[in-house]
K.L.:
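Provided herewith is a single structure, encoded as structure tokens, for subsequent inquiry.
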Amino acid sequence: MHIRKIHPWTKNYAKAVQIQRELSNALILKKDHGKICTVAGADVSYDKYSDLVFAAVIVFRCNKNLEKIEEATAIEKAMFPYIPGLLSFREAPVLLKSFKKLKTAPDIILFDGQGIAHPRFLGLASHLGLILDKPAIGCAKSCLVGEYSAVENAVGAYSNLIYKDKMVGVALRTKLNTNPIFVSVGHKTSLSFATQFVLKVCRGYRITEPVRQAHLLVNKLRVQNIKKTQRISSIT
DNA sequence: GCGACAG
DNA sequence: ATCTTGTCGC
């Protein structure tokens, strides 16, 4: 799929922050799409013993079975450290490399991270939604910024996530007796649609099925790659 | 200065 | 995120 080149992947923290401030103004924080027929889940994995970063994206048909349409993976060297608030500068390059391999562009994309529930309102899902020019939703497993009240223990229950007097997302219960996940708009969709959509693509786990499958695939890729590397080094 | 802090 | 087995609870 097409990758828009909006800005360089700087390694300078101050510049990265400035880029986030500028890009956040270009976000479309409303439902800007028709019926969603395909959905993609994306995730990243790291190798503790090297500086390699792995990515996987899987596209599904939005039916009951979430039939898999296509998948793509990529490997890249980590060029940016993990800094809360600057996650996209670490994970976006390898993710884009995998998205570039997709033949079919999904109608919406689910990311393992925040959308606008972010210090400068530009989390991973928002940043990539802009670059890919696609509706995107942030599905984080923990909270980065904002405050919220306790969520009732019932699937579908949620509480608003407030940051700087703005509603930036929701803490959503996707599974009984399990901590809620944090859903926020990434780009080109609304919070209400994102919330309902996330619930529709959950399959008995806390994490949405598209992201969960991408997580399983990227970890498989990492383990295979590590084993392959060890086979080669034992011969050499 | 102190504490918080997606993956 | 990553290193890792069993184990407590629904």
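By convention in this document, chain letters (A, B, ...) are assigned in the order of the sequence lines, proteins followed by strands, and residues within each chain are numbered from 1.
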K.L.:
I want to check one thing: is the phosphate of dA1(C), taken as OP1 and OP2, less than 4.0 Å away from some side-chain N or O of Asn219(A)?
P.N.:
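The answer is no; no side-chain N or O of Asn219(A) sits under 4.0 Å from OP1 or OP2.
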K.L.:
What heavy-atom pair brings Pro180(A) and Ala171(A) nearest, and what distance separates the two atoms?
P.N.:
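Heavy atoms only, the tightest pair is CB-C, 4.0 Å.
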K.L.:
Is there aromatic stacking of Tyr82(A) against dG7(B), centre distance under 5.5 Å, plane angle under 30°?
P.N.:
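A stacking contact exists, since Tyr82(A) sits close and nearly parallel to the base ring of dG7(B).
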K.L.:
Rounded to whole angstrom units, what separation is found between the CG atom of Asp51(A) and the P atom of dT2(C)?
P.N.:
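One finds 15 Å between P of dT2(C) and CG of Asp51(A), rounded.
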K.L.:
Categorize Asn153(A) for me: base, sugar-phosphate, or nothing, with a 4.0 angstrom heavy-atom threshold over every strand shown.
P.N.:
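Result for Asn153(A) = nothing.
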K.L.:
To the nearest angstrom, how far is Tyr148(A) atom OH from dA6(B) atom C1'?
P.N.:
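After rounding, the reported distance stands at 13 Å.
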K.L.:
Nearest-Å distance, CG (Leu124(A)) to P (dC5(B))?
P.N.:
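It works out to 19 Å between those atoms.
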K.L.:
Would you mind reading off the distance between Arg222(A) atom CZ and dC3(C) atom P, rounded to a whole angstrom?
P.N.:
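Roughly 5 Å, once rounded to whole Å.
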K.L.:
Mind calculating the distance between CG (Asn225(A)) and P (dT2(C)) to the nearest angstrom?
P.N.:
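Spelled out: CG on Asn225(A) to P on dT2(C) is 14 Å.
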K.L.:
List for me each residue that meets ring pair (Phe, Tyr, Trp, His ring centres under 6.0 Å) alongside His33(A), sequence neighbours excluded, and say none if there are none.
P.N.:
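Result, ring pair (Phe, Tyr, Trp, His ring centres under 6.0 Å) vs His33(A): Phe193(A).
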K.L.:
With side chains defined as the heavy atoms from C-beta onward, is the minimum distance between Phe197(A) and Ser192(A) less than 4.5 Å?
P.N.:
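No - every pair of side-chain heavy atoms lies 4.5 Å or more apart.
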K.L.:
Could you provide the dot-bracket string of DNA chain C, using ( ) for intrastrand pairs, [ ] for crossing pairs and | for bases paired to another strand, with Watson-Crick or G-U pairs below 3.5 Å?
P.N.:
..........
K.L.:
Ignoring backbone atoms, establish whether Lys141(A) has a side-chain N or O less than 4.0 Å from OP1 or OP2 of dA1(C).
P.N.:
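For dA1(C), OP1 or OP2 has a side-chain N or O of Lys141(A) closer than 4.0 Å.
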K.L.:
5'-most contact on DNA chain C: Lys48(A) or Asn177(A), nearest heavy atom basis?
P.N.:
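Nearer the 5' end of the strand: Lys48(A).
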K.L.:
Is the number of heavy atoms from other residues, nucleotides or ligands within 6.0 Å of NZ (Lys220(A)) greater than 12?
P.N.:
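Atom NZ in Lys220(A) is not crowded, with 12 or fewer foreign heavy atoms closer than 6.0 Å.
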K.L.:
Would you indicate what Leu95(A) reaches in the nucleic acid, counting non-hydrogen atoms under 4.0 angstrom: base, sugar-phosphate, or nothing?
P.N.:
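No contact.
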K.L.:
Say whether, by atom type as modelled, one donor and one acceptor occur between the side chain of Arg206(A) and the main chain of Arg173(A) under 3.5 angstrom.
P.N.:
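Not a single qualifying donor-acceptor pair exists.
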K.L.:
Which ranges of DNA chain B pair up as stems, where a stem means three or more consecutive Watson-Crick or G-U pairs with both distances under 3.5 Å?
P.N.:
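Counting only runs of 3 or more consecutive pairs, none involve DNA chain B.
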K.L.:
Rounded to the Å, how far apart are Ile226(A) CD1 and dA1(C) C1'?
P.N.:
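Whole-Å distance recorded here is 13 Å.
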K.L.:
Determine, for Lys188(A) against Asp133(A), whether the closest basic-nitrogen to carboxylate-oxygen distance falls under 4.0 angstrom.
P.N.:
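So Lys188(A) pairs with Asp133(A) through a salt bridge.
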K.L.:
At 4.0 Å (heavy atoms only), tell me whether Gly85(A) reaches a base, stays on the sugar-phosphate, or touches nothing.
P.N.:
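Base, at least one base atom sits under 4.0 Å.
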K.L.:
If you take all heavy atoms of Met1(A) and Pro106(A), which pair is closest and at what distance?
P.N.:
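Closest approach of Met1(A) to Pro106(A): SD-CD, 3.9 Å.
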K.L.:
From CG of Leu87(A) over to P of dC5(B), roughly how many Å is that when rounded to an integer?
P.N.:
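Result: 15 Å.
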K.L.:
Please give, in whole Å, the distance from dC5(B) P to Ile83(A) CD1?
P.N.:
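In whole Å, dC5(B) P lies 17 Å from Ile83(A) CD1.
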K.L.:
Ignoring hydrogens, what is the shortest heavy-atom contact between Tyr148(A) and Cys143(A)? Give both atom names and the distance.
P.N.:
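In terms of heavy atoms, the two residues are closest at CE2-SG, 4.2 Å.
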K.L.:
For dG7(B), does either OP1 or OP2 sit under 4.0 Å from a side-chain N or O belonging to Ser45(A)?
P.N.:
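So the side chain of Ser45(A) is outside the cut-off, no N or O lying under 4.0 Å from OP1 or OP2 of dG7(B).
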K.L.:
What I'd like to find out is whether the side chain of Val198(A) reaches to under 4.5 Å of the side chain of Ile137(A), using heavy atoms alone.
P.N.:
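When only atoms from C-beta onward are counted, Ile137(A) and Val198(A) do touch, with a gap below 4.5 Å.
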K.L.:
How about OH on Tyr158(A), more than 12 heavy atoms from neighbouring residues, nucleotides or ligands closer than 6.0 Å, or not?
P.N.:
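12 or below, so no.
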